[in-house]
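Notes follow once the structure below has been shown.
Model, not experiment: these values are computed from the prediction. Residue numbers begin at 1 in each chain, while the letters A, B, ... track the order of the sequences.
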Amino acid sequence: MHTLGLRPTSQQYLVHSAEQLCGLTLAEVAQTLQVNVPKNLRRNKGWIGQLLELALGASAGSKPEQDFPELGVELKTIPVNDQGKPLETTFVSVAPLTGISGLRWQDSNVRNKLSCVLWIPIIGERHVPPGERVIGPPLLWHPSSEEERLLQQDWEEIMELISLGHIQSITARHGQVLQLRPKAANSKALTEAIGAKGQPILTLPRGFYLKTNFTGTLLAKHFML
DNA sequence: CAATGATCATAC
DNA sequence: GTATGATCATTG
């Protein structure tokens, strides 16, 4: 606990810090950092992620880069039940809807963000007050070749539909492990995209999300070792 | 009751 | 509006 908030200088140090947090309630961490604990997350959906960023010394702000650029690590909290099963999908990044011709998987935001992720399971069902939820064992993850193959396959299929002007027909049912869903302040938010005839249209901003079966499997592999 | 579509707070 | 952090709430 004495290292709370310090910037990690290596992946090893970062993981060590995360391991020190394992078993603590969010209320305990919040108190140490002098952060107020909300009664629920309805108006504080990003509270847990921001608390862990602060606790582990991640760079704050809204910069479009990894949480630990010098370490090449992305930090993600993931709500799970007491058996380690994810309770929600995991947001990865906003999907580019224009200027995407020639964009390859290798250069995509999704691939870059998921190349190395420090997963922090947060144990507690939706009805459990945030402060009572418990930090689980961290996992520094790199996608296996099979996992990356699945991600690339879904990404390429979805991006092709977008580039062909079919974004209006894409639902969250597309993709095995990665899905495209709205990512906006509300249904009135609009952004430019490609229409069916190649013309510019306005549509809801979308984001890529990891489906729970995918994150559930990757966490399970870790916990079974 | 899980999954999809919609939404909340904040910084710039 | 975009990008950060995600979960809510309605639907099937």
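- Between A:L24 and A:E28 the shortest heavy-atom distance is CA-OE1, 3.3 Å.
- Nucleotides of DNA chain C nearest to A:R173 and A:E88 differ in position, and the one nearer the 5' end is that of A:E88.
- A:A184 comes within 4.0 angstrom of a base, heavy atoms only.
- Between the side chain of A:Y209 and the base of C:dA6 there is at least one donor-acceptor pair of N/O atoms closer than 3.5 Å.
- If you measure from atom CG of A:L54 to atom P of B:dT10, you get 16 Å, rounded to the nearest angstrom.
- Near-neighbour residues of DNA chain B inside residues 38-47 of chain A, defined by a heavy atom below 4.0 Å, number-ordered: A:R42, A:R43, A:K45.
- Between A:K76 and C:dT4, a side-chain N or O to OP1/OP2 separation shorter than 4.0 Å is absent.
- Considering only the side chain of A:P182, B:dT7 comes nearest among C:dT2, B:dT7, B:dT4.
- For the residue pair A:R111 and A:Q106, a side-chain donor N or O sits within less than 3.5 Å of a side-chain acceptor on the partner.
- Atom CD of A:E192 is separated from atom C1' of C:dT2 by 14 Å (rounded to the nearest Å).
- The nucleotide whose nearest atom lies closest to any side-chain atom of A:E53 is, among C:dT7, C:dT4, C:dA6, C:dT4.
- Electrostatic pairing of A:R104 and A:E156 does not count as a salt bridge here, judged by no charged N lying under 4.0 Å from a carboxylate O.
- A:L87 comes within contact range of no nucleotide atom at all, as no heavy-atom separation falls under 4.0 Å.
- Put simply, CG on A:L202 is 9 Å from P on C:dG1, counting in whole angstrom units.
- For the pair A:R206 and A:K183, the tightest heavy-atom approach, listed with the atom from each and the gap, is C-CB, 3.9 Å.
- Spacing between atom CH2 of A:W119 and atom C1' of C:dG5 amounts to 14 Å, rounded to whole angstrom units.
- Looking at heavy-atom distances under 4.0 Å, A:E125 makes no contact with the nucleic acid at all.
- A:Q179 has a side-chain polar atom (N or O) that falls below the 4.0 Å cut-off from OP1 or OP2 of B:dT4.
- Look at A:T89 and you won't find any side-chain N or O under 4.0 angstrom from OP1 or OP2 of B:dT4.
- Relative to the side chain of A:S187, the nucleotides B:dT7, B:dA3, B:dA6 differ in distance, and B:dT7 lies closest.
- With hydrogens and angles ignored, a donor-acceptor pair under 3.5 angstrom links the side chain of A:K183 to the base of C:dG5.
- Checking A:P79 against A:S93, the closest nucleotide of DNA chain C that is more toward the 5' end is the one next to A:S93.
- The base of C:dA9 sits within donor-acceptor range of the side chain of A:R126, with an N or O pair under 3.5 Å.
- Considering only side-chain N and O atoms, A:T212 lies nowhere under 4.0 angstrom from the phosphate OP1 or OP2 of B:dA2.
- Here OG1 of A:T212 is found 8.5 Å from CD of A:Q179. Values are rounded to the nearest 0.5 Å.
- Atom pair A:R181:CZ and C:dA9:P shows a separation of 15 Å (rounding to whole Å applied).
- The side chain of A:T191 has C:dG1 as its nearest neighbour among C:dG1, B:dT4, C:dG5.
- In this structure, CD on A:Q50 lies 13.5 Å from NZ on A:K45, to the nearest 0.5 angstrom.
- Atom P of nucleotide C:dT2 and atom CG of A:L190 are separated by 10 Å, given to the nearest angstrom.
- We find that CG of A:L52 is positioned 11 Å from P of C:dT7, with the value rounded to whole Å.
- Remark: C1' of C:dG5 and CD1 of A:I78 are 14 Å apart, rounded to the nearest angstrom.
- Between A:W105 and A:W155, the closest heavy-atom pair is N-CZ3, 3.2 Å.
- Note on A:N109: nothing from the nucleic acid sits closer than 4.0 angstrom, heavy atoms only.
- No salt bridge links A:E125 with A:R133; every basic N to acidic carboxylate O contact stays at or beyond 4.0 Å.
- Between A:K76 and A:E53 no salt bridge is recorded (no basic side-chain N to carboxylate O distance below 4.0 Å).
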